[in-house]
Every structure is written in C-alpha cells, then in structure tokens.
2 protein chains.
Amino acid sequence: MQKTDLLVVEDDPALARLICYNLEKQNYTVRHAGDGEEALEQVRQRQPDLILLDWMLPGISGIEVCRRLREQNRTASLPIIMLSARGEEADSIRGLDIGADDYLIKPFGMDTLFARVKAILRRAPPADKTLRFEDLVMDRVGHKVERNGRLLSLGPTEYRLLEFLMLHPAKVFSREELLKHAWERSSCVELRTVDVHIRRLRQTLNEATEPDLIRTVRARGYALDKPLEQD
Amino acid sequence: MQKTDLLVVEDDPALARLICYNLEKQNYTVRHAGDGEEALEQVRQRQPDLILLDWMLPGISGIEVCRRLREQNRTASLPIIMLSARGEEADSIRGLDIGADDYLIKPFGMDTLFARVKAILRRAPPADKTLRFEDLVMDRVGHKVERNGRLLSLGPTEYRLLEFLMLHPAKVFSREELLKHAWERSSCVELRTVDVHIRRLRQTLNEATEPDLIRTVRARGYALDKPLEQD
DNA sequence: ACACGCCTATGAAACTTTTATGAAGCCTCA
DNA sequence: TGAGGCTTCATAAAAGTTTCATAGGCGTGT
C-alpha cells in the first residue's frame, strides 16, 4: 500500500515547516503549498488523501479553495481539515458548511493534529488510486494508463475522460455529463467536442484486434463497457 | 445495489452547491439542474429516485415542473421535496396539493434536509432501475437490454417503447397511449407508426424458438405479456 | 361456412437525426 | 517558435424513423 499522501496549505513558512516536518515523521508523504493557487495546482497534479488547509491565504482564500475542490466531482469528497487563527471561530460553522471535514484552531499541538488527521483518515480511508476495468489499468498516482501491459499515451483531457468513465463503469453518460465532469470547470465547449475526444480515446485504447471498450449509445451518450457478443 | 440517485433543482448556485455537496457526502449520487427546463431534461435522461425542487425557478416554475412530472405516467409517483423561501408558506398547501411529497422552508439546516430525504426514501424506497419480465432484463443505468443473456441492440424509440411496456407488464395500451408515453412529447406521428416499431421490437426480441412477448390486442393495441401455450 | 369489412403485419423507400472522421486553426507551454 | 493538444467545422457515414402500399388475418353477420 502506498503511503498516505497529505497536502499542507499554509502561507506562514515557519508553521508550514513545522507541520510538514512532524507529519513526515509520522510516516506520511507530505507536500506543501504556500497559497491557494498553488494548492489547487498541486491537487490537480496529484490528488492527496487529505488536505490541511489554512483559512487565511494570500490570493485565493482557504474557503474559496475548499469550495472549488468541492464543486469538482473528482475532488468533491476529498477530506479537508481547515486551520484558522483564534477569533475566527464564527467561521468554523461556515467552514464546515462549505465542506470542511474538521476544523483546528491555531495554535494547536502536534498531537492534536495527529489525532485529527488519523480520525479523518479512519472515517474516510484513502481510496485505492488504481482503477481497473477489463484489461485496462489506470495508475492515478503515477498518472499512467495501460492496456494489456501496453503503456498508453493520453492527453490531459482524454485522461480525465477515461478516469471518469472508469470511476463509473457500465454507466451511460450524456455529453453534457461528460463535459461537466471530465472538463475543467466553467469551460463552455461544444457538445460535439466530446465526440472527438471519444474518438481519440478509442484510437489510443484499441489496438488492432482488441475489442472497443467504449460503447456508443445513440441519442444518449457513451459508456465504458464490457464488449458483449451480439447477434 | 446502485447508489440512490437524487436530482437537485435550484437556481441559486451557492445554495445548490451546498446542498449537492452535503448530499454527496451522505453517499448519494447527486445531479443538479439550474432551471425547470433542465430539470425535466435530466429526468428524461435518467430518472432519479428523489427530486429536491425549488419553488421559484427562472422559466418553468417549480410547481409547473412538479405538475408535468405528475402527469407523465412514468414519473407520476416520483418522490418530490419542494423547497421554498419563508413567506411562501401559503403555497405549501398548494405544493402538497399538487403532488409534492414533502415541503422544506428556507433556510433549512442540512440535518433537516437529510432527515426529510431519508424519511421520504424510507416511505418510497428507490425502485431498482433494472426492469425484468420473463427472461427479459433491462438495465436502465447502462442502457442495455438482454433476453436470455443475449444482448439486444435497440434503437432509441424501440428502447423507450419496451421500457414503457416493461414498466406496465400485462397491460394493454392503445397506439395513442404508446405514442404519448414512448415518443418524445409533442411529436405528431401517424398511429400506424407504432405498428412498425412493434414489429421491429418483435424482430429483435424474439429469437428463433423464443415465444413472442408482445401480444396484439385487436382493435385495442399491444401489451407485453406472458406468452400463452398454444400449439 | 363464406364473404366482407376492419385491423394488423410487413417490406421497402424516403427522410431525418446522430455519430464518426479528417483536417484546419488556436492556444499553451516549454 | 515548435510541438502537442484542444476545439471547431464540414462532410461522410451510420443508424433510426416515418410513411406508404400491399398482403394477410380475424371477426362477424348471414
């Protein structure tokens, strides 16, 4: 099993270092972001199992980061522990409302921190990052996909599209749904664009004799599906 | 068992996000529609197990959406919880009259919401999305139909027609009724067209030795029915 | 039983809708 | 600035729908 992957978002370098150092000693893999922008970028690059998120951040605020993560399907249930200075307690309710899973008031002891982290991870154990479907394997940590042991090279969009489909095998999605879930948010793109990406995905996925894993459902959309014999 | 599928219809993005996020954390599959038009479209695409329906909506109002769902046979008993702002209490009676199953006054806490959702679902447990009749199985999530394990390939209209028949087995429908329920609404098509689709459905459904599952009732219409022995 | 009059089944043609595909233009990132 | 990747667009190709003409059944009254 992979080590649990944490992301610490904290702009105060001293505190950040302290937290990171201690968590690493607890045998977590720890990454750090100094502001909201960077945090989102880090998450995009590799999804952590838990985020420690400071409330006050330069640029995009912690709460905003939280909200943005929540509205993205793939990060919607990513555990978040908010950190904030005393006196902002009133915000705690808002923080929890907006989707934080826990809330720590600074200053806090490292033991408290460890306890909360463990508690949250116990409640939502880090999911296996590897997706499988038929002879397809997606390694979400290494950001690699292979079929039958053959490494596939996918563009970012194709990757997200396949990832979403692999999260919901044998389920049909309309183009709207696919755009909503597999594209960066707020992108207003032609529905037909999905077709093109499906084609590229198919080209990459299906070697010569291999059956097509993507099923077209006319007037509905597409599904990742076991290719059945049909007469 | 598939996760329970909810549809949140709410035009205020902030509130919508809040509701969706919290419900997702309760392990529901949540979809969202920003107006009445979109809501009806979503329902058409995939029928949810419960709808949270805002009263005030741009375009088609919540109450109108509710009414339209009620008059469609297939959605007539779909559970609906109406949401409305304080001060519209008077409407609550009207709302319940029109067929809502419950009524929430904004602002409401998430716990209240969860409780109501659970209560309604307990009262009307989400139907299995898989329809069965004799050796026919229709997977409405994956949009697949098989008979005797043999995958059938149906066109959109045949699919809807069969779906409707499977929802009401052993019941005879006139061509008018079939057109009304299995065709996109507001389509004005010859009655005789139904015959053609019934034929195509039969062709696909009935392999060589298999008995015909569709019974013709002269001067009345058709029914999906257990085949009678006859030699 | 027979014949006539409604219905229904069926094949095929005309049409409509939807999807697949190739290629061009853009944008971004290195 | 070049390469890779994303979108759009035009067009070809499928797939599905509707209509129509005709053949075939069934029921009923005599």
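Predicted, not measured: the structure shown is a model, and the values here were computed from it. Note on naming: letters A, B, ... go to the chains in the order of the sequence lines (proteins, then strands), and numbering restarts at 1 for each one.
Phosphate proximity of C:dA9 to B:Thr216: present, with a side-chain N or O under 4.0 Å from OP1 or OP2. Taking side-chain N and O atoms only, B:Tyr222 has a distance below 4.0 Å to OP1 or OP2 of C:dA9. Look at B:Trp183 and you'll find a side-chain N or O under 4.0 angstrom from OP1 or OP2 of D:dT18. In this model, the phosphate group of D:dG16 is not approached by any side-chain N or O of B:Thr157 to a distance below 4.0 Å at OP1 or OP2.
A donor-acceptor pair under 3.5 Å is formed between the side chain of A:Arg215 and the backbone N or O of B:Gly142. With B:Gln45 contributing its side chain and B:Gln42 its backbone, the two residues share no donor-acceptor pair below 3.5 Å. Of the possible polar contacts, one joining the B:Asp35 side chain to the B:Glu38 backbone as a donor-acceptor pair under 3.5 Å is found. A donor-acceptor pair is defined here as one N or O able to donate and one able to accept, closer than 3.5 Å; no such pair exists between the side chain of A:Glu64 and the backbone of A:Ser61.
Protein atom CG of B:Leu152 is 13 Å distant from nucleotide atom P of D:dG16, rounded to whole Å. Separating the CG atom of B:Leu178 from the C1' atom of D:dT18 is a distance of 16 Å, rounded to the nearest angstrom. Separating the CG atom of B:Leu154 from the C1' atom of D:dT17 is a distance of 15 Å, rounded to the nearest angstrom. To the nearest angstrom, C1' of C:dT19 lies 15 Å from CZ of A:Arg215. Nucleotide D:dA14 holds its P atom 15 Å from the CG atom of A:Asp212, rounded to whole Å. The separation between B:Arg175 atom CZ and D:dT18 atom P is 15 Å, rounded to whole Å.
In this structure, A:Asp11 and A:Met56 approach most closely via the heavy-atom pair OD1-O, 3.5 Å.
Residues of residues 189-204 of chain A having a heavy atom closer than 4.0 Å to DNA chain C, listed by number: A:Arg192, A:Asp195, A:Arg199, A:Arg202.
For the pair B:Lys144 and A:Asp225, the salt-bridge criterion is met [side-chain N within less than 4.0 Å of a carboxylate O]. Salt-bridge formation is not detected for the pair B:Asp139/B:Lys129: no Lys NZ or Arg NE/NH1/NH2 atom is positioned less than 4.0 Å from an Asp or Glu carboxylate oxygen.
Computed from C1' positions of five pairs at each end, the angle between the two local axes of the helix from C:dA1-D:dT30 to C:dA30-D:dT1 equals 30°, rounded to 10 degrees.
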Test side chain to side chain contact (heavy atoms under 4.5 Å, CB included) applied to A:Leu53 and A:Cys66, step by step: CA-CA 8 Å; A:Leu53 182 57; A:Cys66 185; 4.0 Å; yes
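With sequence neighbours left out, the side-chain contact (heavy atoms from CB on, under 4.5 Å) criterion links A:Pro211 to A:Arg147, A:Pro227.
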